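Reviewing the structure listed below.
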Amino acid sequence: MIDIAILRTDPEALKASIARRGLEMDIDALGELDEARRMIRIEAEDLRAEQKQSGKAIAQLEGDERQEAIVSASRIADDYKAKLAKADELDAQFDEQWIRIPNIVDDSVPDGATEDDSVEIKRWGEVPTFDFEPRDHRQLGETLGMIDTERAARLSGSRFGYLMGPAVFLEFGLVRFAFDRLAERGFTPVVPPLLVREQALFGTGFFPDTEQQIYKLADDDLYLVGTAEVPLAGIHMDEILAEEDLPVRYAGFSTCFRRESGAAGRDTTGIFRVHQFDKVEMFSFCHPDRSSDEHEFLFETEESIIQALELPYRVVNVAVGDLGGSAAKKYDIEAWFPGQDRFREITSCSNTTDFQARRLKVRFKSESGNALVHTLNGTAIAVGRILLALMENHQQADGSILIPEALQPYVGFDRIT
RNA sequence: GGAGGGAUGGCCGAGCGGACGAAGGCGCUGGUCUUGAAAACCAGUGGGCCCUUUACGGGUCUCGUGGGUUCGAAUCCCACUCCCUCCGCCA
């Protein structure tokens, strides 16, 4: 949710941001609705004040005087209830639209409606050249006994996989590797709940927006999270943090569940795009003046991890059309995948400014009063994708895979054969 | 799953229909005292929305959440959520 002040004081800026996202919303009408509901609310509150005054008077009266006062007070009470109902109704109308307004887009975000409009801002590493035909992760995974999608399909359907043998040691090695690096940088490690209430998804901006992507339990009002961002963001819900404690940083491990309902036919090979994968996610609550720097910090942390894994990558500043509703700005790291002969997303780092903080009511106390924090999130290790990138980039002519030096102590071997 | 108990401000805790945004204590902040600190004493100390147009101002909401009764609800009623204790089950 964005600051309502912008609707009242600078509706043109709001219109511009919405237009950049390619959305159509009647901001003028929304402004009028806001005006109208405030008028009604003021009338209701005035009546309420009158009612409270007369209520206090009644307590002092006796006999007929008291009876008359009660009759007159009950008229005020009726008027108040009517006005209040009207005010509540207008609020509900307003809120329904207001919660759908996405975050104000940062000026540095490129225009464009799709992934292809994102702007490459950096490249790192050498795209590997092979003196043999490189295999894709599916072939490698099968040959080396690391990935089995056929058997997984038998019991769970498409977009599932068994990780087996060396892949398991790689997974847990990667997770520990990430936590060690993040702990060094001041992130508190967390294993959060993965089943959450609707409120947590609303607070992070996934509702109402991406319901079709999220698994809901049939018998309980709980949802499976698609990222640890959700439970990490909720840690300080309804809290007022101390200014000197900012930034507060967490690193959360979670299995991520995604329905991929809109992705039919895309990335159907192997386990590149699956319904379930594990991830270590960074999350930051920071001072609003510092969120831009914090965004760079999270992003630089991502880079240091990918670099240590010796994966060639490029960085894109994600185009406005591909930004989530809660993000003001987003950087993706895309690793080279020899099996696909192109760069593919492996991390994502967003500055959601005060959008989530407003919904989750996460504030900090400062000398000039309480204010909303800014929140940011970034991928440290998306285990599946990193696993595949490692396999494809570090494969050898003999079909084996070399483990990057930094990771060897964590997995216990230097090559998969 | 069964049986009980409970949810009040940063914390503890009183209040159980009428001036309650809420006693008291603790904590915190400022002051007095002190060479300094402690103690003691004095004062202040939740959050949201809105109006006036920013002030030493005012209104309203908020006592787990949402409804209801009433002129009036922290107090009464209903539903829900969470926590605790005991039994059963269980990694």
Side-chain angles (χ1 to χ4, degrees), chain A residues 1-10 30-99 191-203 207 216-217 219-223 231 234-246 248 253 255 285 288 354-373:
Chain A
M1 208 151 29
I2 64 171
D3 188 350
I4 203 162
I6 195 167
L7 174 67
R8 294 169 187 170
T9 62
D10 195 2
L30 200 53
E32 286 165 21
L33 182 55
D34 177 48
E35 188 67 22
R37 71 181 182 129
R38 281 152 76 194
M39 291 300 121
I40 295 285
R41 178 70 58 186
I42 289 167
E43 291 173 24
E45 288 186 1
D46 286 348
L47 280 169
R48 176 63 169 162
E50 204 183 325
Q51 184 197 26
K52 286 173 79 165
Q53 282 308 115
S54 58
K56 286 178 182 177
I58 286 169
Q60 306 297 326
L61 300 173
E62 287 176 16
D64 288 347
E65 267 191 321
R66 185 186 174 96
Q67 288 314 310
E68 283 168 28
I70 286 177
V71 168
S72 115
S74 79
R75 264 199 303 275
I76 299 171
D78 289 344
D79 290 351
Y80 167 64
K81 276 173 187 161
K83 279 288 186 220
L84 183 68
K86 182 67 181 166
D88 287 348
E89 186 192 323
L90 290 181
D91 274 358
Q93 277 177 32
F94 178 85
D95 290 344
E96 193 200 329
Q97 295 180 63
W98 189 247
I99 59 169
V191 178
L194 306 186
L195 289 169
V196 299
R197 296 225 184 92
E198 184 175 347
Q199 187 192 10
L201 290 160
F202 173 79
F207 281 0
K216 183 182 194 316
L217 297 200
D219 295 328
D220 299 275
D221 288 329
L222 291 169
Y223 300 81
I235 288 182
H236 293 300
M237 185 164 69
D238 287 323
E239 289 182 25
I240 299 175
L241 306 172
E243 187 171 19
E244 59 268 26
D245 289 342
L246 301 177
V248 179
F253 171 84
T255 298
F285 298 87
D354 61 11
F355 189 89
Q356 296 178 331
R358 182 168 290 106
R359 289 187 175 193
L360 293 165
K361 299 186 179 67
V362 185
R363 291 153 290 170
F364 70 97
K365 191 187 284 290
S366 74
E367 282 186 13
S368 53
N370 299 332
L372 295 166
V373 300

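Every chain is numbered from 1, with letters handed out A, B, ... down the list of sequences. The structure presented is a predicted model; accordingly, all values stated were derived computationally and were not measured. Heavy atoms only: backbone and side chains are in, while hydrogens, waters and symmetry mates are out.
- A/Arg38 comes within contact range of the sugar-phosphate backbone alone, with a heavy-atom separation under 4.0 Å but no base atom that close.
- Salt bridge status for A/Asp79 with A/Arg75: absent, with no side-chain N to carboxylate O gap under 4.0 Å.
- Between A/Glu45 and A/Ile42, the residue whose closest nucleotide on RNA chain B is further toward the 5' end is A/Ile42.
- When rounded to the nearest whole Å, the span between CD of A/Glu198 and P of B/rC80 equals 19 Å.
- Counting any heavy atom pair closer than 4.0 Å across all strands shown, A/Ser74 reaches sugar-phosphate atoms only and no base atom.
- Ranking B/rC51, B/rU60, B/rG18 by closeness to the A/Ala49 side chain, first place goes to B/rU60.
- With a cut-off of 3.5 Å on both pairing distances, the Watson-Crick or G-U wobble partner of B/rU60 is B/rG48.
- Atom C1' of B/rG10 sits at a distance of 38 Å from the matching atom of B/rG2, rounded to the whole Å.
- Rounded to an integer number of Å, the gap from NZ of A/Lys52 to P of B/rG18 is 16 Å.
- Regarding contacts with the backbone of B/rG48, a side-chain N or O of A/Arg363 is found under 4.0 angstrom from either OP1 or OP2.
- Taken from CZ in A/Arg359 to CD1 in A/Ile99, the straight-line distance is 6.0 Å, to the nearest 0.5 Å.
- Across B/rA14 and B/rA7, the matching C1' atoms stand 15 Å from one another, rounded to whole Å.
- Across the P atoms, B/rG18 and B/rC82 are found 33 Å apart, a figure rounded to whole Å.
- The CG-P distance, from A/Asp221 to B/rU81, rounds to 9 Å in whole Å.
- Rounded to whole Å, the C1' atom of B/rA38 lies 15 Å from the corresponding atom of B/rU32.
- By the neighbour-count criterion of 12 heavy atoms within 6.0 Å, atom CD of A/Glu243 is densely surrounded, having more than that number from other residues, nucleotides or ligands.
- Here A/Arg197 reaches the OP1 or OP2 of B/rC82: one of its side-chain N or O atoms lies under 4.0 Å away.
- Pairing of B/rC20, defined by two Watson-Crick or G-U wobble distances under 3.5 Å, is not identified with any nucleotide.
- Applying the Watson-Crick and G-U wobble criteria (two distances, each under 3.5 Å), B/rU54 pairs with nothing in any strand.
- Residue contacts for A/Ile76: at a heavy-atom cut-off of 4.0 Å it reaches no nucleic acid atom on any strand shown.
- Of all nucleotides present, none satisfies the Watson-Crick or G-U wobble test against B/rA73 with each distance under 3.5 Å.
- Rounded to whole Å, the distance from OH on A/Tyr80 to C1' on B/rC61 is 8 Å.
- Atom CH2 in A/Trp98 sits 4.5 Å away from atom CG in A/Leu7 (nearest 0.5 Å).
- Across the protein-nucleic acid pair, A/Leu372 atom CG and B/rG48 atom P stand 9 Å apart, rounded to whole Å.
- At most 12 heavy atoms of other shown residues, nucleotides or ligands fall within 6.0 angstrom of atom CG in A/Asp221.
- Between the CD atom of A/Glu239 and the P atom of B/rC11 there is a distance of 11 Å, given to the nearest Å.
- Nucleotide B/rC26 is matched to B/rG10 when pairs are restricted to Watson-Crick or G-U wobble geometry with both distances under 3.5 angstrom.
- With a cut-off of 3.5 Å on both Watson-Crick or G-U wobble distances, the partner of B/rG4 is given as B/rC84.
- Between the side chain of A/Arg363 and the backbone N or O of A/Ile240 there is no donor-acceptor pair closer than 3.5 Å.
- Atom P of B/rC78 sits at a distance of 15 Å from the matching atom of B/rG6, rounded to the whole Å.
- For A/Asn370, the listed nucleotide lying nearest its side chain is B/rG47; candidates were B/rC82, B/rC71, B/rG47.
- Closest approach to the A/Ile58 side chain among B/rU81, B/rG18, B/rG72 is made by B/rG18 (side chain taken as heavy atoms from C-beta onward).
- Between the side chain of A/Arg66 and the base of B/rG18 there is at least one donor-acceptor pair of N/O atoms closer than 3.5 Å.
- Among the atoms of the strands shown, none is found under 4.0 Å from any heavy atom of A/Arg37.
- Protein atom CG of A/Asp219 is 12 Å distant from nucleotide atom P of B/rG1, rounded to whole Å.
- Under a 3.5 Å cut-off, the side chain of A/Arg37 and the backbone N or O of A/Leu90 do not form any donor-acceptor pair.
- A salt bridge links A/Arg41 to A/Asp88: one of the charged nitrogens lies within less than 4.0 Å of a carboxylate oxygen.
- Between B/rG9 and B/rG46, the two P atoms lie 13 Å apart (nearest whole Å).
- Across all strands shown, A/Arg358 has no heavy atoms under 4.0 Å from either base or sugar-phosphate atoms.
- Taking atom P on both B/rG31 and B/rA23, the two are 26 Å apart, rounded to the nearest angstrom.
- Taking the P atoms as reference points, B/rC61 lies 33 Å from B/rG5, given to the whole Å.
- B/rA40: Watson-Crick or G-U partner is B/rU32, with both key distances under 3.5 Å.
- Counting to the nearest Å, the P atom of B/rU60 and the CG atom of A/Leu84 are 13 Å from each other.
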